[in-house]
Amino acid sequence: MDGIAGGDVKVIWELSRHHHLVRLAQGYFLDRDEGTAERLMALLDSWIAENPHGIGINWTSSLEVAFRAIAWCWIWALTCQSPAWTPARVECFLVSLWHHARHIERFDSIHHSPNTHLTGEGLGLLYVGLMFPELRRAADWAALGQEILESELDAQVLSDGMHYERSVGYHKYTAEFYLHYLLLARAFGLAVPDSARDRVRAQVDAARLLRRPDGTWPVIGDEDSGDTLLLAPVDPQDQGPVLALGASLFRDPDLVPFTTDAHRAAAWWLVDEPAWLWLCDMADRASSGSNGKYVATRTRREPAMERDSGALPAAGYFVGRESEGADAWWCLVDAGPHGGDRTGHAHTDLGHVEIARGATHIVVDPGCAGYTIGRPARDHARSEAAHACLVIERSPLAEPAGSFSWARLAPTPTHRFGDDGQVWWCDLAYERDAVGGRLTHRRQVLLVRGVGVIICDWIAGVTDGPIAVHWPLGIPPNEVSLSGSAATTPHYQIAWSGAVGPLDASVESTTRAPGYARQVDAALLRLGYRGPLPVSVITSFTNPATRLGRHLHDGDSVRLELPDGVTGPARILSIRAAQAPSLEAMDAPASSLPVIR
């Protein structure tokens, strides 16, 4: 658990979740090859013999015990007709499975990790209790599992559907847990309140909203690259199976175009025949529709298309989108409270902005490569310095108190957002302590359709320390060319301007973690400033062919010239503190627009 000698307990735990054994069970179910069943049984025999009940590393986390119990339920369901299940093996299996459920019941995470640990344990109890009613205490386990899942739904899932820790990866876990819960409830006739179904539906909608244009998901907060149940060859960060399963459960055709064959393959194992036939029909319609899209008539809410912007207001995540297409702009703003209170998997990322254009991930959360990588590295990965945030030297927004806890949290900002069809925008503001004083930071993020993403930072107050705006990029530093007040890459360009003169710009070499235990080279663009306050800093992300015009900072507003042909005739984009942005017809020649350099 402490990474002694470079070890990581998760490596062993992942193997002992037995997802690879489920894959063997799937193979047997499809082709009835007894050789596959025998190999599976031999591996299962070996594990049970080498892991006595309650002893050793594979019994130290009740969540891991629950994941394994779920896998075992599926192994049994898929292979129970095989003669490889001798009476001795069945007895040994059932005794060990009984100990799994009893262990979860006795050592639940209510006082240790009452987050996805607790809900995953509840799902494990529900699986065993329902599928093996002949086991002593099975009815108690099923009742306890359902009670945990029902009570934690309100505690852990926000009203907008996002998990309360505000981690995209752990949101996926939670959505999987509750989709499995609804499936089990339907199969075994359990009563589920409509309010619970609506909250699970909101989880699926949240996953859809967070999706990038290229069908990937950002890595915000911790991400451990795990799955509840691995049923198809899908990347751990891919929430497409959640959308496919949600589409079939809630009969929502608008979700189907966002799924692939692999996503629907995972759903095939979970849904019944009518739901599967419906999903196939919707997928056929999607593939044969105009431009490969299918738009269904909705009865519960408005059509949810890829181009839609949206918000998870309780979580504080706001998403802006451009129209559909390979080069569509997308951005996400974190303008909400710290996730999970003083514990859990959230990072200090107040004001963080994710930016993508099609399949190009421009500004990205650096993630965290592991939980046992050492406290300094773990603390840095969770700090605002690693994210697209305002950084005040010697004045961190929050203070960690362990790998999964915090001594002091970041402030909760105020926020507003809007969309007039041409410009989507989000505005957040908060106050923070700083060396020798106190600062107010307002960040305004604009997605200007046809242009790109423009961010204006307004910083006022008093501090003795230097400040900087950090932009973690999704490419290595050798792909970034820095020149004056601009940086160019093969796929986009970044430009910036400060109200009182040039900023101290640098591109630093760093790393990012696209998944657990993975690190790749990355670049950090740092825009430093040390001088009088207030100050405004504008940073623009555009495609290489778009050349933005002159900038004007005049204290409480910034004016930016947009070139002719991007949104029609040349216009001026006006960004004012605490107001919605506006596009205005240029009423003066560009040469007469004053510029502070």
Side-chain angles (χ1 to χ4, degrees), residues 331 333 351 353 355 363 388-392 416 422-423 425-432 434 437 439-448 451-463 465-471 482-487 493-506 525-542 546-563 566-567 570-597:
C331 73
V333 183
V353 181
I355 302 174
V363 178
C389 297
L390 175 68
V391 179
I392 312 297
R416 300 184 307 146
Q422 294 178 307
V423 180
W425 59 274
C426 178
D427 179 305
L428 66 102
Y430 62 94
E431 293 185 359
R432 60 183 292 177
L439 294 181
T440 298
H441 177 213
R442 178 179 295 276
R443 168 164 283 185
Q444 291 168 292
V445 181
L446 292 70
L447 188 151
V448 184
V451 177
V453 176
I454 298 168
I455 297 104
C456 189
D457 290 293
W458 310 84
I459 306 139
V462 177
T463 181
I467 64 177
V469 178
H470 284 193
W471 301 111
L482 187 63
S483 176
S485 295
Q493 66 174 347
I494 310 171
W496 52 88
S497 172
V500 294
L503 303 172
D504 179 18
S506 62
L525 173 62
R526 183 183 185 276
L527 304 179
Y529 173 77
R530 185 160 196 164
L533 298 177
V535 67
S536 55
V537 175
I538 188 168
T539 312
S540 62
F541 299 83
T542 61
T546 300
R547 300 292 177 182
L548 296 184
R550 294 166 170 256
H551 303 67
L552 167 65
H553 298 258
D554 62 3
D556 64 353
S557 69
V558 173
R559 306 184 78 205
L560 172 65
E561 178 189 342
L562 300 184
V566 177
T567 57
R571 295 186 177 186
I572 297 296
L573 176 64
S574 294
I575 311 171
R576 298 178 178 86
Q579 296 184 32
S582 62
L583 274 173
E584 306 166 357
M586 187 178 294
D587 55 7
S591 59
S592 66
L593 184 65
V595 179
I596 299 176
R597 299 187 181 279

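With sequence neighbours left out, the side-chain contact (heavy atoms from CB on, under 4.5 Å) criterion links Pro534 to Ala460. For Glu431, the side-chain hydrogen bond (donor to acceptor under 3.5 Å, both in side chains) criterion is met by Arg438, not counting sequence neighbours. Ser557 meets the side-chain hydrogen bond (donor to acceptor under 3.5 Å, both in side chains) test with Asp554; sequence neighbours excluded. By the ring-ring contact (aromatic ring centres under 6.0 Å, His included) test, Tyr430 is found to be paired with His441, residues two or more places apart in sequence or in another chain being considered. Under the salt bridge (charged side-chain N to carboxylate O under 4.0 Å, His left out) criterion, Arg576 pairs with Glu584, not counting sequence neighbours. Not counting sequence neighbours, Arg526 has no partner by the salt bridge (charged side-chain N to carboxylate O under 4.0 Å, His left out) test. Residues meeting the side-chain contact (heavy atoms from CB on, under 4.5 Å) test with Cys426, sequence neighbours left out: Phe318, Val333, Ala335, Phe417, Trp424. Taking the ring-ring contact (aromatic ring centres under 6.0 Å, His included) definition, one finds that Trp425 meets it with nothing, sequence neighbours left out. Partners of Ser536 under the side-chain hydrogen bond (donor to acceptor under 3.5 Å, both in side chains) rule, at least two apart in sequence or in another chain, are His553.
Within the 4.5 Å cutoff, no side-chain heavy atoms of Val469 are placed close to those of Ile455. Looking at heavy atoms from C-beta onward, Ile494 lies out of side-chain contact with Trp471 at the 4.5 angstrom threshold. Looking at heavy atoms from C-beta onward, Arg559 lies in side-chain contact with Ser574 at the 4.5 angstrom threshold. Considering only heavy atoms from C-beta on, Leu533 comes within 4.5 Å of Leu439 through its side chain. Contact annotation: the side chain of Val558 never approaches that of Gln444 to less than 4.5 Å [non-hydrogen atoms, C-beta and beyond]. For the pair Leu527 and Thr539, the minimum side-chain heavy-atom distance is below 4.5 Å.
Taking every heavy atom of both residues into account, Ala487 and Leu482 meet most closely at CB-CD1, 4.2 Å. For the pair Arg432 and Leu390, the tightest heavy-atom approach, listed with the atom from each and the gap, is NH1-O, 3.1 Å. When all heavy atoms of Val423 and Pro581 are compared, the closest pair comes out as CG1-CG, 4.1 Å. Nearest heavy atom pair, residue Trp496 against residue Gly484, reads CZ2-O, 3.6 Å.
Remark: Asp427 CG to Cys456 SG distance equals 10.0 Å, nearest 0.5 Å. How far CD1 of Ile392 is from OG1 of Thr463: 6.0 Å, rounded to the nearest 0.5 Å. Note: Leu503 CG to Ile467 CD1 = 9.0 Å, rounded to the nearest 0.5 Å. Here the CZ-CG distance, from Arg442 to Asp457, works out to 11.5 Å after rounding to the nearest 0.5 Å.
Although no hydrogens or angles enter the test, the distance criterion places a donor-acceptor pair under 3.5 Å between the side chain of Arg443 and the main chain of Gly351.
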Q: With side chain to side chain contact (heavy atoms under 4.5 Å, CB included) as the test, would you mind laying out the steps for Tyr529 and Val535 before giving the verdict?
A: CA-CA 9 Å; Tyr529 173 77; Val535 67; 3.9 Å; yes

Q. What do the steps show when you test Ile454 against Leu573 for side chain to side chain contact (heavy atoms under 4.5 Å, CB included), and what is the final call?
A. CA-CA 10 Å; Ile454 298 168; Leu573 176 64; 3.7 Å; yes

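A side-chain contact (heavy atoms from CB on, under 4.5 Å) with Val448 holds for exactly one of Leu562, Leu560, Thr542; it is Leu562.
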